[in-house]
There are 2 protein chains.
Amino acid sequence: MPAPGVERCTVNEEIRVLMATDSSARNAKRVTITDVARHAGVSTAAVSKVMRNAYGVSPAMQERVRTAMAELGYRPHAAARGMRGRTYTVGVLLDNVRNPFFADILDGIRDQLEDSEYTVLIGAAGFGAEDQARTVRALVDRQMDGLILIAPGTPRPEVLATAAVTPTVVIGHHDASDVHDSVVDADDVGAGLVVDHLVALGHRDIALVSAAGNKAGRWQRTPEIALADGYLRAMDRHGLSGRARVRHAAYSDDGGHTAGLALLSGDDRPTAILTGADVAALGIYRAAADLGLSIPGDVSLVGYNNTAIASLAPVQLTSVDQAGHTMGATAARMLIERVERRRDRAMQTTMTPRLVVRRSTAAPGVR
Amino acid sequence: MPAPGVERCTVNEEIRVLMATDSSARNAKRVTITDVARHAGVSTAAVSKVMRNAYGVSPAMQERVRTAMAELGYRPHAAARGMRGRTYTVGVLLDNVRNPFFADILDGIRDQLEDSEYTVLIGAAGFGAEDQARTVRALVDRQMDGLILIAPGTPRPEVLATAAVTPTVVIGHHDASDVHDSVVDADDVGAGLVVDHLVALGHRDIALVSAAGNKAGRWQRTPEIALADGYLRAMDRHGLSGRARVRHAAYSDDGGHTAGLALLSGDDRPTAILTGADVAALGIYRAAADLGLSIPGDVSLVGYNNTAIASLAPVQLTSVDQAGHTMGATAARMLIERVERRRDRAMQTTMTPRLVVRRSTAAPGVR
DNA sequence: AGACTGATGGAGAACGTTCTACACCCTCCG
DNA sequence: CGGAGGGTGTAGAACGTTCTCCATCAGTCT
């Protein structure tokens, strides 16, 4: 096995060049609603009405104001709007910019809102609960019209408090609530699909690697917990309860690598491993390579989320598709319904997952 | 070669469950500065001063106001602040959520701003120039204190106009300006490093795959252009001008795949390929696999950015490290200097890249 | 003709901050 | 003892919107 070699450089040289010209001329007054009103010869109230296409505006007025806006290149000042009405902005909480599954969700949200007047702004928090809570607060303080929280690590009570003030959709956690909407994937079903597939191939020693459910947040059914549940039930269904084992790992390459080494270097190594995220599966892939084990020859490996990396040439990872794009789009649609008060009951949407078989799974013991 | 198989499922079933309870109670008044002032028995002006730790506040006043804020759990309303002063928010324009290099930059920005009072909000645009321009406008309208634009596709004139109004740092483009700051990587040097490395291994037919420079935006030196420049100069230096060839491709798995097929299926296929992004390199990897070529046996392959995927087990891609984290941190630092008016001259920071050799490059003709 | 409608436009008060003046008090100096 | 001057606090006008009334006006109905 070749040595891994130097992988990351740390310090780079900086060359700073000071430019010549002074540019403190930050003047350039904005065009305001008052300017538009004056230019069109009407009141600001009228302009406001036209913008929000409110009731009580004649076509002639419409026309006049719209051309005035166009002529002056007017753009409403979102912060000012936020003081009274809407800001036409939707905030998304994202804990992990690196998980490509979240990129799928994001694309779904974006596509859904593309042609609306709403803008999406992303608050990228770290993994820490406090970090995330701070980001959520930041979004609320910036007067977002609605919030989409992707598998928040923020304690549930705080999310409920936020949701009481701002329309909120939670993606991932299975805990239903009458105060926020939810979009979830039936992770338990997904785990079942995988176990069924592996058992059909002849596997019996199937291990699960998933993130540790954060009980701290008081969420009863995080995606991880649902996944583990489904896994255990499926194993039981096949009479394999005794052989079930769950190992916790962070959903990152490193996390998977560590878990993989632990699982695969023992005497009774499993013949198949199911993971809660594709990235973690890749870490296990690396661990297997380190130990001289081949995939799927020695071990079958299954990811989750069916992200783009799963289908990459050298990888070809069997995975569970969650249709992140659809989840994102659905969440956005539900959120806007709430923001515009077209619905006042909380709602939950569940997506059914689907197994995508590639080359990382095979019958056990076949070299 | 096994068939690629079904890779992506499209439609998922939706199960919608309407919840029982009505939750239209979106009341819950915010705590405002007035509340704090009343509770502390002082004027709102005093509270405002304390918050901004402005001049002319006695320690006693400090104390009183701070406890009042704490007792009421006061959080300033960012939208309202935006009307007069700052919003304490930095906006980041990101065209491609999927490129992990940008995640590195983002982390750098976040870490730099972690302990400050500033919050980072990300505007995720698509690749289209109009799409991006719209996102930038959205950020400006939301009264961001400063903007970080990561390799914007927005036309240069528009960026300059924006920068005249809001402090701006451009990452990537080499075009200097006296109105915005810049953080760039010496991409030409990076390309040179790669060519030197490959030539030292014995390669002579070295091709470059990079994104098409978008002349439309009126940027003279995009990263791609600088890269191609460095490549051509290095080839020339080694007397290989005649053998140089550049092929354009989108920086995505698919883009790389297409370019790879085109380059590698011809008669005079290169013995080494240099790409402008790791993702594209992976696409070429896939193309090589499709054609039954091995890497680095038949073709050496080099990526760019040294993202996490480059070091993944099955990949082990030689790449050029750009220290995205440092770039992000530097950009954030420079931006805040500008926002707080501690500097009024435009500035450019250049980072020097570094080659990270892994297993995807070897001497040519060695199987 | 007078009263009642419905449709349309405008006045002006919010909204929660910041920030410029200015008022007040104390101390110090002539 | 009067005034200058520095240090602290406050009043109140912005900031750019939204939105609730209210006024106006042209029809329509008795």
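Residue numbering restarts at 1 for every chain, and letters A, B, ... go by the order of the sequence lines.
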* To the nearest Å, how far apart are Tyr55(B) OH and dT18(C) P? -> 20 Å
* Asked: Arg75(A) and Asp141(B): salt bridge (charged side-chain N to carboxylate O under 4.0 Å, His left out), yes or no, with the steps?
  -> CA-CA 7 Å; Arg75(A) 274 156 39 197; Asp141(B) 293 346; 2.7 Å; yes
* **N/O donor-acceptor pair, side chain Arg84(B) with base dT18(C), under 3.5 angstrom** => yes
* **Trace of the side-chain contact (heavy atoms from CB on, under 4.5 Å) decision for Asp175(A) with Arg156(A)** => CA-CA 9 Å; Asp175(A) 302 54; Arg156(A) 187 157 129 90; 3.6 Å; yes
* Asked: Which part of the nucleic acid, if any, lies within reach of Arg86(B) when heavy atoms closer than 4.0 Å are counted: base, sugar-phosphate only, or nothing?
  -> nothing
* Please test Glu337(B) against Arg342(B) for salt bridge (charged side-chain N to carboxylate O under 4.0 Å, His left out), starting from the C-alpha separation and ending with a verdict. => CA-CA 5 Å; Glu337(B) 282 174 15; Arg342(B) 296 202 302 272; 5.2 Å; no
* Asked: Which pairs pass salt bridge (charged side-chain N to carboxylate O under 4.0 Å, His left out) with one or both residues in residues 108-121 of chain B, sequence neighbours excluded?
  -> Arg134(A)-Glu114(B), Asp107(B)-Arg110(B)
* To do: Check every atom of dG16(D), dG9(C), dG10(C) against the side chain of Ala45(A) and return the nucleotide holding the closest atom.
  => dG10(C)
* Asked: Can you tell me if the side-chain N/O atoms of Ser48(B) get under 4.0 Å from OP1 or OP2 in dT18(C)?
  -> yes
* Arg75(B) or Lys49(B): which one's nearest nucleotide on DNA chain C is closer to the 5' end? -> Arg75(B)
* In whole Å, what is the span from the CE atom of Met83(B) to the C1' atom of dT17(C)? -> 9 Å
* Asked: So does Ser58(A) get a side-chain nitrogen or oxygen closer than 4.0 Å to the phosphate oxygens (OP1/OP2) of dA7(C)?
  -> no
